[in-house]
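All values derive from a computational prediction rather than experimental measurement.
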Amino acid sequence: MTALFITFEGGDGSGKSTQAKLLTDWLEGLGNTVVRSREPGGTDVGVEIREIVLHHRGDISPRAEALLYAADRAQHIGTKVRPALARGEIVIQDRYLDSSVAYQGAGRVLGAGEVRDLSLWAAEGLLPDLTILLDLDETVARGRLDADNKRFDRLEAEKNDFHGRVREAFLELALAEPDRFLVLDASFPVETLADSIRSKVAEILALRA
Ligand code: TYD
């Protein structure tokens with residue numbers, strides 16, 4: 001069994017959950033044990049934190065928000081992700097520390113470096129083996145979210161220029177760590193994207209075999 005930590009990143013509406021599910025099904029079909037999770041909200045404590053960060057009415061100060069995501073992360077990585085990796089399982093996760101850097105950093109109050117350091121402290125330094133960035137123009141992403149017709153959370157309700165900054169931040173993160181990131185154009189068809197993701201993961205698994 002090969003322990004592997006894979007994260008999906010990208011703006012809201014970029015198709016992360018769809019691709020995470022397809023990858024999970026494929027890996028399970030090959031006989032792997034996969035833990036599928038997400039942040040915020042991958043644990044019981046995290047579900048409560050998720051409700052605050054996404055649906056609290058009224059302002060949350062930028063530092064408080066960053067600490068809430070970090071608290072969710074500390075609980076999630078410490079009690080769920082690390083134990084799964086220690087058992088040799090594959091963890092596939094929607095969003096991780098890159099989301100904190102991109103979103104909390106995009107508010108222009110907190111610096112990317114300090115947000116990243118906070119996350120790394122919370123997660124005791126754990127970095128993914130692979131991060132798949134589903135890159136999508138923020139206006140197209142917004143169109144997809146509107147079509148979904150579900151309740152907007154606090155961040156989804158932010159203006160387009162905020163989401164434009166988030167997108168730029170993700171792309172910068174990917175440029176800074178090309179070995180960890182696979183960047184895909186999320187406007188491609190679901191199956192094309194799934195194929196590219198499977199090829200990349202197969203490559204990593206072959207190297208580890
Ligand atoms: P997500 O679970 O992808 O929302 P949805 O249920 O709509 O798919 O993410 C929820 C929001 O949390 C998303 O707008 C991004 C934000 N977020 C941060 O701002 N910082 C973080 O560290 C994380 C993990 C998420």
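Within 6.0 Å of the CG atom in Asp161, the count of heavy atoms belonging to other residues, nucleotides or ligands exceeds 12.
Here CD of Glu114 is found 12.5 Å from OG of Ser100. Values are rounded to the nearest 0.5 Å. Taking CG of Asp98 as the reference point, atom CZ of Phe8 lies at 13.5 Å (rounded to 0.5 Å). Here Leu22 contributes atom CG and Asp195 contributes atom CG; the two are 10.5 Å apart, rounded to the nearest 0.5 Å. Rounding to the nearest 0.5 angstrom, the gap separating the CG atom in Leu130 from the CD1 atom in Ile197 is 8.5 Å.
Of the charged side-chain nitrogens involved, at least one lies within less than 4.0 Å of a carboxylate oxygen, so that Arg198 and Glu191 count as a salt-bridged pair. Using a cutoff of 4.0 Å between basic side-chain nitrogens and carboxylate oxygens, Asp12 and Arg142 are not scored as salt-bridged. In this structure, Arg144 does not pair ionically with Asp148, as no charged nitrogen and carboxylate oxygen lie closer than 4.0 Å. By the 4.0 Å N-to-carboxylate-O rule, Glu168 lies too far from Arg165 to be salt-bridged with it. One finds a salt bridge joining Arg73 and Glu39 here, because a Lys/Arg side-chain nitrogen approaches an Asp/Glu carboxylate oxygen to under 4.0 Å. For the pair Arg50 and Asp72, the salt-bridge criterion is not met [side-chain N within less than 4.0 Å of a carboxylate O]. The pair Glu177-Arg116 counts as a salt bridge, with a side-chain nitrogen and a carboxylate oxygen less than 4.0 angstrom apart.
Side-chain contact of Thr131 with Thr7: a donor-acceptor pair under 3.5 Å is present, judged by distance alone. Side chain to side chain, Tyr103 and Arg95 meet the donor-acceptor criterion of an N or O pair below 3.5 Å.
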Begin from the C-alpha positions of Leu134 and Ile132 and carry the test side-chain contact (heavy atoms from CB on, under 4.5 Å) through to its verdict. CA-CA 6 Å; Leu134 295 174; Ile132 297 152; 4.2 Å; yes
Enumerate, atom names and distances included, each donor-acceptor pair closer than 3.5 Å involving a side-chain atom of residues 61-69, sequence neighbours excluded.
from, atom 1, to, atom 2, distance (Å)
Ser61, OG, Ala64, N, 3.2
Glu65, OE1, Gln104, NE2, 2.9
Glu65, OE2, Arg154, NH1, 3.3

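Gln19 contributes a side-chain N or O that, together with a main-chain N or O of Val190, makes up a donor-acceptor pair within less than 3.5 Å.
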